[in-house]
Undergrad: 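What follows is a structure written as structure tokens; I'll ask about it next.
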Amino acid sequence: MAETKREIERKYESDDSGLPDLTGVAGVAAVVDKGVAHLDATYYDTVDERLAASSVTLRRRTGGSDAGWHLKFPIAPGVRDEIHAPLSDTLPDELAGLVRSRVRGGELLPVVRLRSERDVRHLVDADGGLLAEVAVDAVHAERLTPGGAETQWTEIEVELADGGDPAVLDKVEKRLRKAGVRPSASASKLARALAETAPAKKRPSGTGGKPVTAGDHVLAYVRTQRDAIVELDPAVRRDAEDSVHSMRVATRRLRSTFKSFGGVLDRTATDPVADELKWLAGELGLDRDREVLSERLTAALDEVPAALVRGPVSERLHSWSSAEHSGARGKLLGVLDSHRYLALLDTLDALIADPPLLKAAGKKPRKVIAKAVKKDFRKVTALVQQARELEPGTDRDVAIHEARKKTKRTRYAAEAGKPALGKPAKNLVKSMKALQNLLGEHQDSVMARETLRELSAVAHAAGESAFTYGLLHEREAQRAAHVEAELPGFWDAIKDGTASL
């Protein structure tokens, strides 16, 4: 079973290649010599180095106290999540799954071998507690792919103890800098090894720089959402908090972008991709929607006085919430390993590499993007107006739900347009988010009432009282009515949101 550890460390180099005296660093009572370890690590990647391009490292290492397979994901500068699996001859399935969104059908091959002689010191406090580990690594790197070379260097690595105060690293760095030690120019040993052992080759040409055309702006947003899906994949597999929701939002942003900017990207090419994104969002949302609704109903039940709770309402609610939940995660993992999902990622890559640009894509961005955002906003306006004119009931519920969906699309279009449109787009994003939340409260009430009617029917069939379900249903109806009453004034305050675009 793989274990995850948050690794917080800093790397340094110096012309002297030695470790300065760290005694006297504030809070450090002693520097304890822990001896020398001999480490031998083989790093794996695809031929085109997809993992390295994402600053992800995968290695099999022998020697030291943590021999085994190590997979590291970047979290922030100097911060990585390290997932450790026991030493084995082949890559463990769990780690293979965590890199699948990047590797896909590619083969993982040995790319670099690093052999290090690690001289370790422990910085401890007055009670002997570990504050940080400092190591001087003499590294020999050998590229294992054709045309590669070898290189060697010495570096200093300072890693914060588990649960330690990051201020310790600042204090150590202050002492190191005074001794002439400087931060390493490379983020990791692998990054340095790849750079220094790469075979000579012509660098690919490219325009680079900031987005210039409307197409540049739209594609930049598309690329950001594609990257988010790929990067969130391992977190979803590890069941990290909010990862499923965040990945679902990225798929929705992409799908909305293809629709909003149909004048920039040819929809005959993007519509099939949008259909697949809709499928993925649906798979991601199956368990999430039930979870959100369960939390809403549970909170509502908690507000009901005990004297008004008739029958095993809480138990019924829990049973409904738990239904099929145990199999939901396994189903989602199956989706992430499916050919259909991996093919979708490949399709997105291909679309970004060779985008189906229309004539408007080559124009200046402000006019083209503003036109698309205004078009989406007009659709929201029409739907809100329609909802206001309808009598309370199913038709109004549907109109409000459709308005909410178009509100999200307008919000995402404005997000994509912020670099080109500036503050007006930023303000519109804020307004659309607020409207989305208001309309979302209404839709949640609609779904809650539907669920309460189902639970009430089940309870009645079992000979139980349906009184409490009716009470909760009425409270949800009042919450929806409150939104409907608030909507006209809320909308009047924001309806001129596109005037300055």
Side-chain angles (χ1 to χ4, degrees), residues 50 53-56 73-75 100-102 104 210-211 213-237 240 242-267 269-285 288 332 335-336 338 340-358 361 365 368-369 372-373 376 404-421 425-426 428-430 432-433 436:
R50 298 176 198 173
S54 301
S55 299
V56 175
F73 291 101
I75 303 299
R100 189 158 291 130
S101 65
R102 293 174 169 88
R104 298 173 211 168
K210 295 181 178 180
T213 65
D216 291 335
H217 280 270
V218 173
L219 285 173
Y221 191 73
V222 169
R223 190 177 296 109
T224 296
Q225 305 315 316
R226 184 278 314 270
D227 291 348
I229 293 173
V230 172
E231 291 167 7
L232 283 163
D233 177 292
V236 171
R237 292 174 186 269
D242 205 41
S243 58
V244 172
H245 173 67
S246 297
M247 189 174 183
R248 190 185 188 191
V249 169
T251 65
R252 286 174 166 173
R253 281 187 166 119
L254 259 180
R255 184 165 170 257
S256 291
T257 301
F258 291 150
K259 292 184 176 182
S260 295
F261 296 101
V264 175
L265 297 174
D266 189 350
R267 287 193 57 173
T270 61
D271 277 356
V273 185
D275 289 342
E276 291 300 281
L277 289 166
K278 182 179 181 180
W279 160 77
L280 178 58
E283 295 291 344
L284 289 165
R288 170 68 178 174
L332 180 55
V335 167
L336 297 183
S338 70
R340 184 176 182 179
Y341 166 69
L342 298 176
L344 170 58
L345 297 184
D346 286 339
T347 301
L348 288 171
D349 287 351
L351 186 146
I352 291 170
D354 186 17
L357 299 174
L358 297 176
V368 173
I369 292 176
V373 174
D376 280 343
R404 176 174 176 257
K405 290 193 292 186
K406 294 300 187 295
T407 297
K408 285 194 288 186
R409 185 191 298 182
T410 305
R411 172 189 170 186
Y412 299 150
E415 282 180 352
K418 279 196 294 185
L421 304 178
K426 183 179 180 180
L428 184 58
V429 169
K430 184 177 179 180
M432 291 297 96
K433 183 177 181 180
Q436 177 186 330

Undergrad: Just do the side chain to side chain contact (heavy atoms under 4.5 Å, CB included) check on His245 and Val249 with the steps written out, would you?
TA: CA-CA 6 Å; His245 173 67; Val249 169; 3.7 Å; yes

Undergrad: Check whether any side-chain N or O of Thr251 sits under 3.5 Å from a backbone N or O of Arg248 as a donor-acceptor pair, and report yes or no.
TA: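 Side chain of Thr251 to backbone of Arg248: a pair is present.
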
Undergrad: Side chains of Leu342 and Arg100: does their closest heavy-atom pair fall under 4.5 Å?
TA: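 SC-SC contact between Leu342 and Arg100 confirmed.
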
Undergrad: Rounded to the nearest 0.5 Å, what separates atom CZ in Arg267 from atom CG in Leu358?
TA: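 One finds 11.5 Å between CZ of Arg267 and CG of Leu358.
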
Undergrad: Kindly determine whether Ser101 and Ile229 satisfy side chain to side chain contact (heavy atoms under 4.5 Å, CB included), including the steps that lead there.
TA: CA-CA 9 Å; Ser101 65; Ile229 293 173; over 6 Å; no

Undergrad: Which value, rounded to the nearest 0.5 Å, describes the distance between Arg223 atom CZ and Leu351 atom CG?
TA: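 Separation between the atoms: 10.5 Å.
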
Undergrad: Could you tell me which non-hydrogen atom of Pro234 sits nearest to which non-hydrogen atom of Arg102, and how far apart they are?
TA: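 Heavy-atom minimum between the residues: CG-NH1, 3.7 Å.
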
Undergrad: Decide if atom CG of Asp354 counts as having more than 12 heavy atoms of other residues, nucleotides or ligands within a radius under 6.0 Å.
TA: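 Check fails, neighbour count at 12 or below.
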
Undergrad: Can you find a heavy atom in the side chain of Leu428 that is under 4.5 Å from one in the side chain of Leu421?
TA: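 No - every pair of side-chain heavy atoms lies 4.5 Å or more apart.
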
Undergrad: Can you tell me how far CG of Leu280 sits from OH of Tyr341, rounded to the nearest 0.5 angstrom?
TA: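 So the gap between those two atoms works out to 6.5 Å.
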
Undergrad: Before you tell me yes or no, could you show the steps for Val222 and Phe258 under side chain to side chain contact (heavy atoms under 4.5 Å, CB included), namely the whole-Å CA-CA distance, both residues' side-chain angles and the distance that decides it to 0.1 Å?
TA: CA-CA 9 Å; Val222 169; Phe258 291 150; 4.0 Å; yes

Undergrad: Working to the nearest 0.5 Å, report the span between OG1 of Thr257 and CD of Glu415.
TA: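 CD of Glu415 is found 8.5 Å from OG1 of Thr257.
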
Undergrad: Output the distance between atom OH (Tyr221) and atom CD1 (Ile369), rounded to the nearest 0.5 Å.
TA: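 Tyr221 atom OH to Ile369 atom CD1 measures 11.5 Å (nearest 0.5 Å).
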
Undergrad: Look only at the side chain of Thr213 and the backbone of Ala361, and say whether a donor-acceptor pair between them is shorter than 3.5 Å.
TA: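 Such a contact is found between Thr213 side chain and Ala361 backbone.
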
Undergrad: Less than 4.0 angstrom from a charged side-chain N to a carboxylate O is my criterion; do Asp349 and Arg104 meet it?
TA: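 Looking at Asp349 and Arg104, the cut-off is met.
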
Undergrad: Where the side chain of Arg252 meets the backbone of Lys408, is there a donor-acceptor pair that is under 3.5 Å apart?
TA: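 Not a single qualifying donor-acceptor pair exists.
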
Undergrad: Quick one: closest heavy-atom pair of Glu283 and Val335, and the distance?
TA: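 Answer, listing the atom of Glu283 first, then Val335: OE1-CG2, 3.8 Å.
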
Undergrad: For Leu265 and Leu219, what are the C-alpha separation, side-chain angles and deciding distance, and is it a side chain to side chain contact (heavy atoms under 4.5 Å, CB included)?
TA: CA-CA 9 Å; Leu265 297 174; Leu219 285 173; 4.2 Å; yes

Undergrad: If every non-hydrogen atom of Ala269 is compared with every non-hydrogen atom of Pro272, which pair is closest and at what distance?
TA: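 The pair with the smallest heavy-atom distance is O-CD, 3.5 Å.
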
Undergrad: Look only at the side chain of Ser256 and the backbone of Arg409, and say whether a donor-acceptor pair between them is shorter than 3.5 Å.
TA: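 Looks like no, no N/O pair under 3.5 Å.
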
Undergrad: Is there a side-chain contact between Thr270 and Pro356 in this structure, where contact means two heavy atoms from C-beta onward sitting under 4.5 Å apart?
TA: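 Yes, side chains in contact.
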
Undergrad: Can you see which heavy atom on Val373 is nearest to which on Thr410, and at what distance?
TA: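 Distance-wise, the nearest heavy atoms are O-CG2, 4.3 Å.
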
Undergrad: Can you measure from CD (Glu276) to OG1 (Thr347) and round to the nearest 0.5 angstrom?
TA: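 Interatomic distance, Glu276 CD to Thr347 OG1, rounded to 0.5 Å: 8.0 Å.
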
Undergrad: What are the two closest non-hydrogen atoms of Leu336 and Met247, and how far apart are they?
TA: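 Heavy atoms only, the tightest pair is CD2-CE, 4.1 Å.
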
Undergrad: If we count only N and O atoms by modelled type, under 3.5 Å, do the side chains of Asp227 and Thr224 hold a donor and an acceptor together?
TA: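 The criterion, which ignores hydrogens and geometry beyond distance, is not satisfied for Thr224 and Asp227.
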
Undergrad: I need the minimum non-hydrogen distance between Ser243 and Ala235, along with the two atoms involved.
TA: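 Looks like OG-O, 3.4 Å.
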
